[in-house]
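All values below were derived from every heavy atom in this structure, side-chain atoms included, with hydrogens, water molecules and symmetry-related copies excluded. In what follows, residues are counted from 1 in the order of the sequence shown. In listed order, ligands and their atoms are each counted from 1.
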Amino acid sequence: MKKVGVIMGSDSDLKTLGPCFEQLRELDIPFEAHIYSAHRTPEAAAAFALRARENGFGVLIAAAGKAAHLAGALAARTTLPVIGIPIKSSTLDGLDALLSTVQMPGGMPVATVAIDGSKNAALLAAQILAVTDEEIAAKLNSLRLRQTEEVLKKDSELTV
Ligand code: RP5
């Protein structure tokens with residue numbers, strides 16, 4: 001099974017990635033996490049992205065805040081799909097990171113999830129791997145069914 005690479009720009013992003021790791025573990029998807037910054041360790045970030053495909057990764061998740069160039073910098077060095085998570089780590093409440101991550105120029109896509117949307121980043125990564133992996137697809141289907149049942153149960157118990 002292909003691995004998911006989860007790259008964060010700083011260890012201060014780690015707590016926001018909790019739901020991402022939890023979701024990947026729940027789906028039994030192997031992942032590696034690293035701290036590489038587009039600005040503070042540009043060579044290490046580039047080297048990781050350049051070798052990601054040959055190292056067994058199928059998709060990358062990049063989490064960064066402020067002037068968040070990490071997802072774009074990784075995407076520039078691989079044709080693996082890159083999912084960007086804008087992190088709310090600044091006085092601008094993550095809007096700076098959202099725009100820095102989502103506003104990629106043509107020819108260089110990054111699939112950007114919501115600010116701090118690390119659970120959806122994991123699910124989107126799983127859905128990408130599930131295109132060719134029936135086992136993950138089946139787990140995603142079960143998860144969707146459970147989610148639907150939970151909401152309908154809440155609806156049936158609603159008393160207002
Ligand atoms: C970004 O700057 C990181 O991704 C983090 O969200 C933000 C602040 O980093 P620290 O100053 O906390 O290391 O590069």
Side-chain angles (χ1 to χ4, degrees), residues 1-133 136-137 139-140 143-144 147:
M1 188 185 292
K2 297 281 187 193
K3 295 180 286 184
V4 176
V6 184
I7 315 304
M8 65 203 93
S10 166
D11 62 342
S12 66
D13 301 322
L14 190 55
K15 59 184 179 307
T16 310
L17 286 171
C20 173
F21 299 138
E22 199 178 307
Q23 190 62 73
L24 291 172
R25 285 192 188 106
E26 188 187 337
L27 291 165
D28 292 317
I29 295 176
F31 65 89
E32 262 183 41
H34 295 280
I35 301 167
Y36 296 134
S37 162
H39 306 122
R40 292 167 175 160
T41 65
E43 290 85 5
F48 178 85
L50 284 168
R51 292 193 208 99
R53 188 181 291 274
E54 71 197 56
N55 284 337
F57 293 95
V59 52
L60 304 182
I61 293 174
K66 298 187 175 174
H69 299 129
L70 181 60
L74 296 177
R77 292 174 175 88
T78 182
T79 53
L80 292 176
V82 176
I83 300 168
I85 310 173
I87 300 286
K88 181 177 166 178
S89 60
S90 77
T91 49
L92 296 179
D93 278 345
L95 185 58
D96 45 359
L98 172 64
L99 297 178
S100 304
T101 305
V102 79
Q103 288 287 65
M104 289 295 291
M108 200 52 64
V110 164
T112 305
V113 295
I115 295 169
D116 286 356
S118 79
K119 177 177 174 150
N120 269 0
L123 287 169
L124 184 54
Q127 289 177 210
I128 290 167
L129 296 181
V131 170
T132 55
D133 190 311
I136 299 174
K139 284 178 182 163
L140 284 168
L143 202 147
R144 285 281 178 97
Q147 184 169 260

Between the protein and ligand 1, are there any N or O atom pairs that come within less than 3.5 Å of each other, and if so, what are their names and distances?
from	atom 1	to	atom 2	distance (Å)
ligand 1	4 (O)	Asp13	OD2	2.6
ligand 1	4 (O)	Gly65	N	3.1
ligand 1	6 (O)	Asp13	OD1	2.6
ligand 1	6 (O)	Gly65	N	3.1
ligand 1	6 (O)	Ser89	OG	2.9
ligand 1	11 (O)	Arg40	NH2	3.2
ligand 1	12 (O)	Ser12	OG	2.7
ligand 1	13 (O)	Ser10	OG	2.6
ligand 1	13 (O)	Arg40	NH1	2.8

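Sorted by first and then second residue, the salt bridge (Lys or Arg N to Asp or Glu O under 4.0 Å) pairs with a member in residues 16-31 read Glu26-Arg146, Asp28-Lys139; sequence neighbours excluded.
Between the CG atom in Leu14 and the SG atom in Cys20 there is a gap of 10.5 Å [rounded to 0.5 Å]. The CG atom of Leu123 sits 9.5 Å away from the CD1 atom of Ile83 when rounded to the nearest 0.5 Å.
Ile136 is listed as a side-chain neighbour of Met1, based on a closest heavy-atom distance under 4.5 Å.
Both tests do not hold together for Lys3 against Phe31: distance to the six-membered ring centre under 6.0 Å, angle to the ring axis within 45°.
For the 3.5 Å distance criterion, the side chains of Thr78 and Arg53 fail to qualify, holding no donor opposite an acceptor.
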